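Worksheet for the structure shown next.
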Amino acid sequence: MGVPDYILRMRKHIGHDLLWLPSVSAVVRNDAGELLLGKRADDGRWSVVSGIVEPGEQPATAVVREVREETGLDVEPIRLTSVVSHPHTYPNGDRCEYLNLGFECRLLGGTARVNDDESEAVEWFAPDRLPKLDAHARLVVAQALAGAEQTFYLPAGTDWDDN
């Protein structure tokens with residue numbers, strides 16, 4: 001889908017300055033236990049499927065939409081596994097701080113494929129053979145695979161750089 005219109009409108013006013021945005025990430029496993037990752041078109045890095053929660057949208061709805069838009073797969077969120085904020089600077093200089101909700105999702109159907117212009121590739125990876133991931137993606141995956149009963153968050157007073 002690309003950058004939502006409301007963010008493009010805000011960027012006209014603030015340029016590359018910092019935006020605070022809600023986002024979701026999906027940890028999806030297939031029947032073989034492999035993890036779904038997408039190779040980002042903007043910087044070529046592998047990552048969990050993630051995206052922005054649009055105004056008026058519930059986070060669980062956003063994670064289902066993002067996975068479908070980016071991979072063509074249908075999923076169901078089954079557990080909120082992490083809540084963290086993290087900074088991101090895009091190759092064009094746009095700066096964001098994301099409040100990210102990480103979800104473990106059940107695969108319902110479909111065939112994984114590049115489904116929009118946000119990804120160069122979509123692939124399944126064995127958990128012990130993941131490509132290099134950034135700190136945020138590693139945290140989201142680790143928390144989803146940990147199976148903890150409680151949602152992970154960074155303790156009060158902790159900065160992202162402390163993680």
Side-chain angles (χ1 to χ4, degrees), residues 1-11 13-29 35-107 112 114-122 130 132-146 148 150-155 158-163:
M1 178 176 153
V3 181
D5 288 340
Y6 75 96
I7 292 178
L8 294 174
R9 288 192 306 272
M10 286 192 288
R11 287 283 178 211
H13 298 285
I14 67 165
H16 298 299
D17 285 348
L18 184 68
L19 278 177
W20 174 253
L21 296 169
S23 68
V24 292
S25 293
V27 176
V28 182
R29 289 186 277 184
L35 295 168
L36 177 69
L37 298 176
K39 189 172 187 183
R40 298 173 56 100
D42 61 356
D43 61 12
R45 291 181 300 114
W46 286 99
S47 189
V48 291
V49 176
S50 299
I52 297 166
V53 180
E54 296 185 7
E57 185 177 42
Q58 292 297 321
T61 302
V63 78
V64 169
R65 175 184 52 77
E66 286 292 342
V67 172
R68 186 176 300 127
E69 284 178 359
E70 294 183 23
T71 71
L73 295 172
D74 291 316
V75 299
E76 172 187 26
I78 57 173
R79 189 166 63 94
L80 180 64
T81 58
S82 60
V83 177
V84 295
S85 68
H86 69 97
H88 186 79
T89 301
Y90 288 90
N92 70 355
D94 287 352
R95 294 177 32 235
C96 296
E97 176 85 15
Y98 288 107
L99 175 58
N100 183 264
L101 306 176
F103 286 90
E104 179 182 3
C105 295
R106 178 181 296 121
L107 178 62
V114 173
N115 207 39
D116 67 9
D117 61 354
E118 293 182 47
S119 299
E120 293 179 0
V122 175
L130 297 178
K132 183 178 178 186
L133 301 173
D134 68 19
H136 177 256
R138 286 192 312 270
L139 183 145
V140 171
V141 167
Q143 295 308 314
L145 297 182
Q150 295 184 346
T151 302
F152 173 84
Y153 56 89
L154 293 173
T158 304
D159 290 329
W160 177 255
D161 293 335
D162 297 336
N163 185 23

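Keep in mind the model is a prediction, meaning the values are calculated, not measured. Atoms considered below: every heavy atom in the structure, side chains included; atoms not considered: hydrogens, waters and symmetry mates.
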| query | Which residues satisfy the side chain to side chain donor-acceptor pair (under 3.5 Å) test with Tyr90, sequence neighbours excluded? | reply | Tyr98
| field | Worked check of side chain to side chain contact (heavy atoms under 4.5 Å, CB included) between Leu99 and Trp20 | value | CA-CA 7 Å; Leu99 175 58; Trp20 174 253; 3.7 Å; yes
| message | Among residues at least two apart in sequence or on other chains, which ones pass side chain to side chain donor-acceptor pair (under 3.5 Å) with Thr81? | response | none
| message | Just so I know, are the side chains of Val63 and Val53 near enough to count as touching, which here means a heavy-atom distance under 4.5 Å? | response | no
| note | Correct closest heavy-atom pair for Val141 and Val27 would be CA-CG2, 4.1 Å
| Sub-4.5 Å side-chain heavy-atom contact between Val64 and Glu76 | no
| Minimum heavy-atom distance Leu133-Trp46, with the two atoms named | CD2-O, 3.3 Å
| request: Determine, stepwise, if the pair Thr89 / Asp94 fulfils side chain to side chain contact (heavy atoms under 4.5 Å, CB included). | output: CA-CA 6 Å; Thr89 301; Asp94 287 352; over 6 Å; no
| query | Asn100 and side-chain hydrogen bond (donor to acceptor under 3.5 Å, both in side chains): which partner among His136, His86, His88? | reply | His136
| task | Rounded to the nearest 0.5 Å, what's the gap from OG on Ser82 to OH on Tyr153? Could you check? | result | 13.0 Å
| field | side chain to side chain donor-acceptor pair (under 3.5 Å) against Glu104, all qualifying residues, sequence neighbours excluded | value | Arg29, Arg79
| query | Say you draw a straight line from OG1 of Thr71 to CD of Glu118; how long is it, rounded to the nearest 0.5 Å? | reply | 11.5 Å
| message | Give me the atom names and distance for the closest heavy-atom approach of Val114 to Ser119. | response | CG1-O, 3.3 Å
| Rounded to the nearest 0.5 Å, what separation is found between the CD1 atom of Ile14 and the CZ atom of Arg95? | 9.0 Å
| When rounded to the nearest 0.5 angstrom, what distance separates OG1 in Thr151 from CG in Leu80? | 4.0 Å
| task | Could you pull out the closest heavy-atom pair between Ile52 and Pro4, with the gap in Å? | result | CD1-CD, 4.3 Å
| request: Take Glu97 and Leu19 through the side chain to side chain contact (heavy atoms under 4.5 Å, CB included) test and state the conclusion after the steps. | output: CA-CA 6 Å; Glu97 176 85 15; Leu19 278 177; over 6 Å; no
| request: Could you tell me whether a side-chain N or O of Arg68 sits under 3.5 Å from a main-chain N or O of Gly72, the two making a donor and an acceptor? | output: no
| Heavy-atom distance under 4.5 Å between the side chains of Trp160 and Leu139, does that happen here? | yes
| remark: Rounded to the nearest 0.5 angstrom, the CG-CG distance for Asp159 and Leu154 is 9.0 Å
| said: What verdict does the side chain to side chain contact (heavy atoms under 4.5 Å, CB included) test give for Leu35 and Leu130, after you've listed the backbone C-alpha separation in whole Å, the side-chain angles of each residue and the deciding distance to 0.1 Å? | reply: CA-CA 8 Å; Leu35 295 168; Leu130 297 178; 3.8 Å; yes
| query | For the atom pair SG (Cys96) and NE2 (His16), what is the distance rounded to the nearest 0.5 Å? | reply | 11.5 Å
| said: If I compare all heavy atoms of Cys105 with all of Pro77, which pair ends up nearest, and what's the gap? | reply: SG-CA, 3.9 Å
| When you measure from the side chain of Glu57 to the backbone N and O of Glu54, does any donor-acceptor pair fall under 3.5 Å? | yes
| Which atom of Ala112 lies closest to which atom of Leu36, heavy atoms considered | CB-CD1, 4.1 Å
| query | Any side-chain heavy-atom pair from Val84 and Phe152 closer than 4.5 angstrom? | reply | yes
